[in-house]
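Contents: one structure, followed by commentary.
Whatever order the structure lists them in is the order used to number ligands and atoms, beginning at 1.
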Amino acid sequence: MRELIDASPYTVAFTGAGVSAESGIPTFRGDEGIWRDYPPALYGNLPGLALAFLFRPRRLAGLASGVLASLLQAQPNPCHRALAMLEGEGRLRAVITQNIDGLHQAAGSRLVLELHGNAFRLRCAGCGKRTEVERERAFGVLESLRESGTRRRLLKALREYAAPCASCGGRTRPDVVFFGEGLPPGEFNRALEEASRCRLMLVLGTSAVVYPAALIPQAALEGGAKVVVIDPSRTVLSSRAHLHIPAAAGRFFALWLGRESAPGQYSADG
Ligand code: NAD
């Protein structure tokens, strides 16, 4: 893979939930995935979440506190760090991510196109202003969620999270894309541009079945780019990819980073 990266004049990465699994954030699909206990028909879209709020507030609070706790505890793993290093060395142009956890930026990646938003950002319904959710406030919300067994308490926790807009006092909501909602057009168009321009795309930890994000690796393939998939499972892209490395991304890049800093000492096929 090192040869492919070194030979490529324009490389981008497309990442999904799998790259953060080794940071402790569960994926959606698979045996350990969130959808196993919380079916997406109810918990993956806004109308379903509203129903869950009305009829299953304790369960919804359990989901929200579990997700928030994992997001707050997570630290970048070697995959996030390797991508940031490659960008710093001019060997990677951009990271296009479906993740909402902010771990690429925490690792030092600069050009990160977040197709599904960021869990630590709010968007004002009135003026559209985006604001960051400070960690301290998020920890406070987590405490409230853990005490939430009733609709009233859950509502209080949600209001603590989505505080009114500091500019116009308008209602805010998490700046994330739920199923059935559109992607931020600026990010999506820029991602499509990067995908059509790249000569090599690293597709890391994504089942590549969530649309329209899944159009990104397809655009890379249609533009003639080589695609390398790193994922322990075969995915819909594996048969069209130049190379599928059946590995956990964090483990793979830990070996890669070791080889970059001490060439010859590691045996991974980096
Ligand atoms: P997905 O759950 O559909 O697929 C995850 C993929 O990661 C699978 O192919 C799985 O085999 C692979 N995987 C699991 N562990 C891995 C590892 N250690 N290394 C590499 N690959 C691994 O997730 P998706 O494709 O990202 O799409 C679903 C949606 O999930 C996206 O919209 C994303 O926004 C959302 N999501 C994000 C987070 C996050 O921000 N960390 C977490 C869960 C879900």
Side-chain angles (χ1 to χ4, degrees), residues 1 13-40 43-46 63-64 66-83 95-107 109 112-121 133 138 174-184 187-188 191 201-218 227-239 241 243-256 268:
M1 184 161 94
F14 177 66
T15 68
V19 301
S20 297
E22 287 154 279
S23 295
I25 304 175
T27 60
F28 275 165
R29 294 171 182 75
D31 291 347
E32 307 292 316
I34 293 169
W35 294 154
R36 195 196 53 182
D37 295 330
Y38 295 95
Y43 294 97
N45 58 80
L46 284 175
L63 170 64
V67 169
L68 185 56
S70 70
L71 288 169
L72 280 167
Q73 281 155 16
Q75 297 293 329
N77 67 48
C79 174
H80 301 104
R81 289 204 294 275
L83 296 181
V95 175
I96 303 166
T97 189
Q98 300 163 87
N99 294 345
I100 58 169
D101 53 36
L103 289 180
H104 288 300
Q105 294 91 327
S109 286
V112 182
L113 300 169
E114 293 178 313
L115 298 183
H116 294 159
N118 191 305
F120 294 106
R121 209 167 50 221
V133 178
D175 192 20
V176 298
V177 177
F178 291 98
F179 280 108
E181 296 190 306
L183 268 53
E187 306 275 295
F188 184 61
M201 179 175 274
L202 311 178
V203 177
L204 312 172
T206 175
S207 58
V209 296
V210 175
Y211 280 84
L215 292 173
I216 300 298
Q218 288 178 23
V227 165
V228 173
V229 172
I230 303 183
D231 196 303
S233 310
R234 281 191 72 74
T235 75
V236 292
L237 285 175
S238 300
S239 58
L243 178 65
H244 176 184
I245 301 174
R251 168 114 183 96
F252 176 85
F253 280 106
L255 293 167
W256 161 285

Give the residue, atom name and distance (to 0.1 Å) of the protein heavy atom nearest atom 25 (O) of ligand 1.
Thr206 OG1, 2.6 Å

Option set Ala208, Gly18, Pro40, Ala17, criterion heavy-atom distance to atom 17 (C) of ligand 1, minimum:
Gly18

Numbered in order shown, the ligand 1 atoms found under 4.0 Å of a heavy atom of Asp101 are 39 (C), 40 (O), 41 (N)

Under 3.5 Å between some N or O of ligand 1 and some N or O of Ala249?
yes

Nearest to atom 9 (O) of ligand 1 by heavy atom, Leu71, Asp231, Leu237: which?
Asp231

Please report which non-hydrogen protein atom sits nearest to atom 32 (O) of ligand 1, along with the residue it belongs to and the distance in Å to one decimal place.
His116 ND1, 2.7 Å

Tell me, which protein residue and heavy-atom name are nearest atom 33 (C) of ligand 1, and how many Å apart are they?
Gln98 O, 3.1 Å

Name the orientation class of the two ring planes belonging to Trp35 and Phe179 (parallel below 30°, tilted from 30 to 60°, perpendicular beyond 60°).
tilted

Can you list the ligand 1 atoms lying under 4.0 Å from a non-hydrogen atom of Val210?
27 (O), 28 (C)

Give yes if a backbone or side-chain nitrogen or oxygen of Val19 is under 3.5 Å from a nitrogen or oxygen of ligand 1, and no if not.
no

Atoms in ligand 1 flagged as close to Ser233, the criterion being non-hydrogen separation under 4.0 Å
11 (O)

Per-atom contacts of ligand 1 with Glu22, taking only distances under 4.0 Å to non-hydrogen atoms:
17 (C), 18 (N), 19 (N)

Ring pair (Phe, Tyr, Trp, His ring centres under 6.0 Å) partners of Phe178, counting only residues at least two apart:
none

Closest non-hydrogen atom pair between Ala82 and Phe253, with its separation
CB-CD2, 3.4 Å

Side chain or backbone, does Ile25 bring an N or O within less than 3.5 Å of an N or O on ligand 1?
no

Determine the minimum heavy-atom distance between Ser238 and His244, stating which atoms define it.
OG-ND1, 3.0 Å

Could you tell me which atoms of ligand 1, counted from 1 in the order shown, lie closer than 4.0 angstrom to a heavy atom of Ala248?
17 (C), 18 (N), 19 (N)

What do you reckon, does Ile230 have a nitrogen or oxygen under 3.5 Å from a nitrogen or oxygen of ligand 1?
no

Please work out which of Pro26, Ser238, Gly44 has its closest non-hydrogen atom nearest to atom 43 (C) of ligand 1.
Pro26

Counting each atom of ligand 1 from 1 as listed, which ones have a heavy atom of Gly16 under 4.0 Å away?
26 (O)

Which is closest to atom 21 (N) of ligand 1 by heavy-atom distance: Gly250, Pro232, Ala74, Ala247?
Pro232

I need the atoms of ligand 1 closer than 4.0 Å to a non-hydrogen atom of Ser20, numbered in the order shown.
41 (N)

Considering only the protein, which heavy-atom contact is closest to atom 29 (C) of ligand 1, and what is its distance?
Phe28 CD1, 3.4 Å

Considering both backbone and side-chain atoms of Ser207, is one of its nitrogen or oxygen atoms within less than 3.5 Å of a nitrogen or oxygen in ligand 1?
yes

If every non-hydrogen atom of Gly102 is compared with every non-hydrogen atom of Glu114, which pair is closest and at what distance?
CA-OE2, 4.4 Å

Please list the nearest protein heavy atom to atom 5 (C) of ligand 1 with its residue and the distance rounded to 0.1 Å.
Gly205 O, 3.8 Å

Check Ala213 against Leu183 and note the closest heavy-atom contact, atom names and distance.
N-CD2, 4.3 Å

Can you check whether Ile100 has an N/O within less than 3.5 Å of an N/O in ligand 1?
yes

